[in-house]
Participant: 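Next up is a structure, given as structure tokens.
In the text below, chain A, chain B and the rest are named by the order of the sequence lines, each starting its count at 1.
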Protein chains: 2
Amino acid sequence: MSTVFKALSDPTRRRVLELLREGPQSAGALAAHFNVSKPTMSAHFSVLKEADLVEAVRQGKTILYHLKLSVLEDALLGFARVFGLGETAPPPAIKKNSENKKEDPVS
Amino acid sequence: MSTVFKALSDPTRRRVLELLREGPQSAGALAAHFNVSKPTMSAHFSVLKEADLVEAVRQGKTILYHLKLSVLEDALLGFARVFGLGETAPPPAIKKNSENKKEDPVS
DNA sequence: TAGATAATTAGCTAATTGTCTATTCATGAG
DNA sequence: CTCATGAATAGACAATTAGCTAATTATCTA
């Protein structure tokens, strides 16, 4: 969980994930979108792998990165659900019923 | 955005937010839940404030921290939406109707 | 077996982070 | 005004991070 949010805390890495949303891409192809060195990108990929947000698959002499959407989903929505967010879908019965105000009109 | 995810990348800070979910609490009351010094907690609160995830309100000689749920929601669900996640709930009229695949069967 | 290419690892620096103790600041009570 | 209390700031330190250049590894092709 910490590793996922840590990975998401860097704009470059968030952008990489967004690029990967449209399908697997090689390290080089991804790096081409950014103004940093290849080794630096490699380090970013490493952080994303560590967080299990991407998977690296060797394909000949290139390495393809795949987005692991379900891991992202579990982290983002799982944590959101703790706060009763995004629960227009599955509302899991909050114990204390006096807190689920999103905007407090009474103050 | 980065500041929010950075704030969420620490377990202590995530826990603070969870504690705040049940209502505002003083710095001291929050600190009592953790095994670190008060100044360390103060630094964590500072990061949460920086990310605009909490609001500090002086109340006599204590300081009450309030959770800013909407900011958390915007970050978590907003980013999730970029990936087509969590769209079972508020589908805000997508322009291109060919992208709302959560899993792409055609590849 | 080379040579070329894609990507990672090694080694470095500067900046940031999480933690501590000691100190200061702000407030309410005598 | 002075004291006690709740909390933040100051200053120090080890660990981590993002970035770089240079070197290494892995793979394909000739």
Participant: For A:E50, look at atom CD and say whether over 12 heavy atoms of other residues, nucleotides or ligands are found less than 6.0 Å away.
Facilitator: no
Participant: Compare side-chain N and O positions of A:Y65 against OP1 and OP2 of C:dT8 and report whether any pair is under 4.0 Å apart.
Facilitator: yes
Participant: Tell me the interatomic distance from A:F34, atom CZ, to C:dA7, atom C1', rounded to whole angstroms.
Facilitator: 16 Å
Participant: Looking only at non-hydrogen atoms, find the nearest pair between B:V71 and B:D52 and report the distance.
Facilitator: CG2-O, 3.4 Å
Participant: Regarding B:A27, tell me which of base, sugar-phosphate or nothing describes its non-hydrogen contacts under 4.0 Å with the strands shown.
Facilitator: sugar-phosphate
Participant: For B:S26, which contact category applies under a 4.0 Å heavy-atom criterion: base, sugar-phosphate, or nothing?
Facilitator: sugar-phosphate
Participant: Strictly below 4.0 Å: does A:T62 bring a side-chain N or O up to OP1 or OP2 of C:dA6?
Facilitator: no
Participant: For C:dG18, take OP1 and OP2 only and decide whether either is under 4.0 Å from a side-chain N or O of B:R13.
Facilitator: yes
Participant: Whole Å only: how far is the NZ atom of B:K61 from the P atom of C:dC25?
Facilitator: 18 Å
Participant: Measuring to OP1 and OP2 of C:dT19, would you say a side-chain N or O of B:H44 lies under 4.0 angstrom away?
Facilitator: yes
Participant: Does the side chain of B:L19 come within less than 4.5 Å of B:H33's, by heavy atoms?
Facilitator: yes
Participant: Tell me: CD of A:E50 to P of C:dT8, nearest whole Å?
Facilitator: 14 Å
Participant: Quick check: on DNA chain D, is the nucleotide nearest A:R58 upstream (toward 5') of the one nearest A:V47, or the reverse? Name the residue that is more 5'.
Facilitator: A:V47
Participant: I want to check one thing: is the phosphate of C:dG18, taken as OP1 and OP2, less than 4.0 Å away from some side-chain N or O of B:T40?
Facilitator: no
Participant: Closest nucleotide of DNA chain D for A:K38 versus for A:Q59: which of these residues is on the 5' side?
Facilitator: A:K38
Participant: Report yes or no: does A:R21 contribute a side-chain atom to a donor-acceptor pair with the main-chain N or O of A:L69 at less than 3.5 Å?
Facilitator: no
Participant: Measuring to OP1 and OP2 of C:dC20, would you say a side-chain N or O of B:S37 lies under 4.0 angstrom away?
Facilitator: yes
